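Step one of this worksheet: look at the structure below.
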Amino acid sequence: MNEQLSEILRLLRNVIRIGTVSAVNLDGGLCRVDTGKNTTDWLHWLTTRAGKTRSWNAPSVGEQVLVLCLGGELDTGFVLPGIFSDDNPAPSASADALHWSFPDGAVIEYEPETGALMATGIKTATIKAAVKILLDVPEVECTTLLKTATLKVTQGGTMEGDIKHSGGSFSSNGVVVHDHKHGKVQSGGSMTEGTE
């Protein structure tokens with residue numbers, strides 16, 4: 001009877017275990033967890049979606065997790081990331097913000113209190129659409145720590161509407177437009193010839 005009771009208590013203790021990820025198999029979507037004096041076999045980690053819509057966010061080695069074991073057996077477990085720890089503290093103290101921090105320093109965050117949506121990429125940020133990208137905002141500002149910035153339309157295109165330029169030179173094909181002069185033109189009401 002005592003052996004059966006001990007076994008039942010062992011299984012109950014193993015239903016939910018806390019542990020630390022010790023290895024990750026990215027190709028298989030599996031990880032191993034150190035929990036107590038045990039290291040689990042390769043286990044699947046849980047994600048928010050795994051059907052037609054799928055999400056991916058692999059756990060990190062050293063991340064604190066829960067192991068949920070069916071029937072209390074470690075080899076039937078699923079890994080539930082993640083629990084903040086001294087090594088991996090919470091990246092925000094906001095009650096309402098959504099915040100994702102990445103190992104290279106990139107951040108995606110929305111803070112409802114200020115209405116600020118921020119996506120910071122360290123090297124590149126890509127927005128891709130097959131038909132249209134719409135910026136519905138009264139002002140778009142491009143800033144850089146470098147002396148110059150580039151806005152490039154690589155396949156050609158059009159600009160529509162009234163365009164105003166101020167605060168610097170405006171060049172077209174190497175010609176500074178506001179300094180451009182035409183020779184052989186009579187002063188007065190004459191106009192230079194243009195192309196149609």
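Not measured: the values here are computed from a predicted model.
Identified under the ring-ring contact (aromatic ring centres under 6.0 Å, His included) test for residues 109-144, with sequence neighbours left out: none. For residues 78-92, the set of pairs meeting the side-chain hydrogen bond (donor to acceptor under 3.5 Å, both in side chains) definition, not counting sequence neighbours, is empty. For residues 113-127, there are no side-chain hydrogen bond (donor to acceptor under 3.5 Å, both in side chains) pairs, not counting sequence neighbours. Sorted by first and then second residue, the pairs that involve residues 16-69 and meet ring-ring contact (aromatic ring centres under 6.0 Å, His included), not counting sequence neighbours, are W45-W56. For the salt bridge (charged side-chain N to carboxylate O under 4.0 Å, His left out) condition, the pairs that include at least one residue of residues 37-56, sequence neighbours left out, are R32-D41. Every pair passing salt bridge (charged side-chain N to carboxylate O under 4.0 Å, His left out) that includes a residue from residues 72-85 is listed here, sequence neighbours excluded: R10-E73.
A search for side-chain contact (heavy atoms from CB on, under 4.5 Å) contacts involving D27 returns N25, not counting sequence neighbours. For T40, there are no side-chain hydrogen bond (donor to acceptor under 3.5 Å, both in side chains) partners, not counting sequence neighbours. Evaluation of the side-chain hydrogen bond (donor to acceptor under 3.5 Å, both in side chains) rule for S101 yields H99 as partners, not counting sequence neighbours.
The distance from the CD1 atom of I16 to the OG1 atom of T35 is 11.5 Å, given to the nearest 0.5 Å. Separation of atoms CD1 (I108) and CG (L117) is listed at 9.0 Å; rounding is to 0.5 Å.
When the shell of 6.0 Å around CD1 of I83 is examined, it contains more than 12 heavy atoms from other residues, nucleotides or ligands.
Other residues sharing a hydrophobic cluster with L135 under the 4.5 Å side-chain heavy-atom criterion for ILVMFWY residues are V137, V140.
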Test side-chain contact (heavy atoms from CB on, under 4.5 Å) applied to L74 and T76, step by step: CA-CA 5 Å; L74 282 178; T76 66; over 6 Å; no
Evaluation steps, side-chain contact (heavy atoms from CB on, under 4.5 Å), between R17 and V33: CA-CA 10 Å; R17 306 257 324 207; V33 177; over 6 Å; no
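Closest approach of T39 and S22 over heavy atoms only: CG2-OG, 4.0 Å. The heavy-atom pair separating S55 from T47 by the smallest distance is OG-OG1, 2.6 Å.
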Could you give the side-chain donor-acceptor pairs of residues 156-177 under 3.5 Å, partners two or more places apart or in another chain?
residue: H165; atom: NE2; partner: G168; partner atom: O; Å: 3.4

Name each donor-acceptor pair under 3.5 Å that joins a side chain in residues 57-71 to protein atoms two or more places apart or in another chain, with its distance.
residue: E63; atom: OE1; partner: S60; partner atom: N; Å: 2.9

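For the pair W100/P91, no side-chain contact is recorded, criterion being any heavy-atom separation below 4.5 Å from C-beta on.
Residues L98 and F102 are members of one and the same hydrophobic cluster, defined by side-chain heavy-atom contacts under 4.5 angstrom among Ile, Leu, Val, Met, Phe, Trp and Tyr. Both L80 and I18 are part of a single hydrophobic cluster, where members link through side-chain heavy atoms under 4.5 Å apart.
Using a 3.5 Å distance cut-off with no hydrogens or angles, the side chains of T20 and D34 do not pair a donor with an acceptor.
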